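What's counted below: heavy atoms across the whole structure, side chains too, no hydrogens, waters or symmetry copies. In listed order, ligands and their atoms are each counted from 1. Given the structure is predicted, the values throughout are model-derived calculations rather than measurements.
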Amino acid sequence: MSAPALLDRSITDLAGALSRREVSSEEVTRAALARIEATDERLHAFLRVVPERAIASARGSDARRARGEVRSPLDGIPIGLKDIFLTKGVETTCGSRILAGFVPPFDATVVERLETSGAVVMGKLNMDEFAMGSSNENSAFGPCRNPWDLERTPGGSSGGSAASVAARQVFGALGTDTGGSIRQPASLCGVVGLKPTYGRVSRYGVVAFASSLDQVGPIARTVTDAAAMLGVIAGHDPRDQTSSLLPVPDYRAGIEEGARGLRIGVPREWLQGGSEAGVERRVREALAAYEAMGATLVDVELPHSRYGVAAYYLVAPAEASSNLARYDGVRFGLRAPARSLADMYGETRDQGFGAEPKRRIMLGTYALSAGYYDAYYLRAQKVRTLVRRDFDRAFERCDLVAGPVSPTVAFRLGEKVDDPLQMYLADVFTISCNLAALPGLSVPAGLHPESRLPVGLQLVGRPFDEATLLRAARALEREMGPSPAPEAIG
Ligand code: GLN
């Protein structure tokens, strides 16, 4: 049974239907709430649904529309938020027990921007604890499942966001991507995910994981929807010094221009048998499709990308160990009863953090400790520079780079939980884009020939050139036709 037709529509389509008054935002919102109610016991994409807040903003949108006021293409459209974004008055846990009960006193800038643009916030979506993970199994509240096969992972860490969008519970969602956490779940759930350039979107009010890598981005069912969402959330924010002053272009403007004339770099390192055969086949077919559409394929080299995972697992844990130091039972969430202050810190952190954050805190503290800083953190930072130079060199000869997102399709829950290194390798193709601070996108490239599970194509662009990625992704989407809805969730 396929999802109801209303919920199957794209944001762009629905915005049209809303302005023609074929449907109201309240009707759409109620349909989405009913869909969540009917499916989420099995899917577990949501940690918290906010029906009252949603209905209230839907009514607000309908009232404005009745007066002829439309604030953005997202006005009146149900959207989900990864539980990493602070939401005023709504518990925000970041997938961790240590933040259970934490109710933020303010909204993240991106949440504020969504709501100001009229979007209807539906609730907070499941994620790996502190965005550490690739399967959602590190969520302290139990994993979200993949709507294509409920025994499989939706990917992570923004797994709840991707699963919810794919399952037609919401029309789009925000995620964050530090090493692949938007692109990998988007790929595994058959939807579009965009990690913008570092600095393109404000991170004010976003729980920090690895501050030199974290970036916020949209997950949607179509490329144009992702472009519309990016247009709303991007832009300078005086409250985030890392946010760029560059003006935000209209991301939908050139999106239909097609792939003709684009030079697409194909990194040799990304197509050397490092992916399962069915994934590599779909990626190669997508590249051939681009050639048929008039793009030119160019061989490029990213020789240092093979050190990406190693460098990332020094930089990210080092920064995480510092960012997570603030959770000590004093200001946020959980506080364990104890006899002394020192015991309270220790007990709270012991009870509050799961195994993965503890592992990263230890790794990161070690990598930053006196005597090891130069050998590990500093060395890893130098590798980042080399990774970035590889891309700079590649972009002298091409406009964007293409390859797989994930080496495999969605894997089974439980398959990798006991082997952190295997789990880390899920991001082998996505991490270098974060290390180099570049924009990266995952677009559906068809289903795996045997398992019939989604495969994503990754496109990586020049700094702040999200527009070219969107244009190229849209060309492929048009060629392939609309991606099918997952059937396992019913
Ligand atoms: N899977 C990677 C990790 O565990 C990336 C996570 C992310 O992008 N937030 O760190």
Pairing residues for K358 by the salt bridge (Lys or Arg N to Asp or Glu O under 4.0 Å) criterion, not counting sequence neighbours: D350
Just to be sure I understand the cut-off, which residues have at least one non-hydrogen atom under 4.0 angstrom from an atom of ligand 1? A131, M132, G133, S134, S157, D177, T178, G179, G180, S181, F209, Y312, Y313, R360, D427
Parallel, tilted or perpendicular, as decided by the 30° and 60° cut-offs, for the rings of F395 and F391: parallel
Write out all pairs satisfying ring pair (Phe, Tyr, Trp, His ring centres under 6.0 Å) with one or both partners inside residues 186-206, taking only residues at least two apart or from two chains. F106-Y204
Quick check: F102 with F332 (ring centres under 6.0 Å apart)? yes
Y366/Y373 aromatic ring centres below 6.0 Å: no
Test: side chain to side chain donor-acceptor pair (under 3.5 Å). Region: residues 404-420. Which pairs qualify, not counting sequence neighbours? none
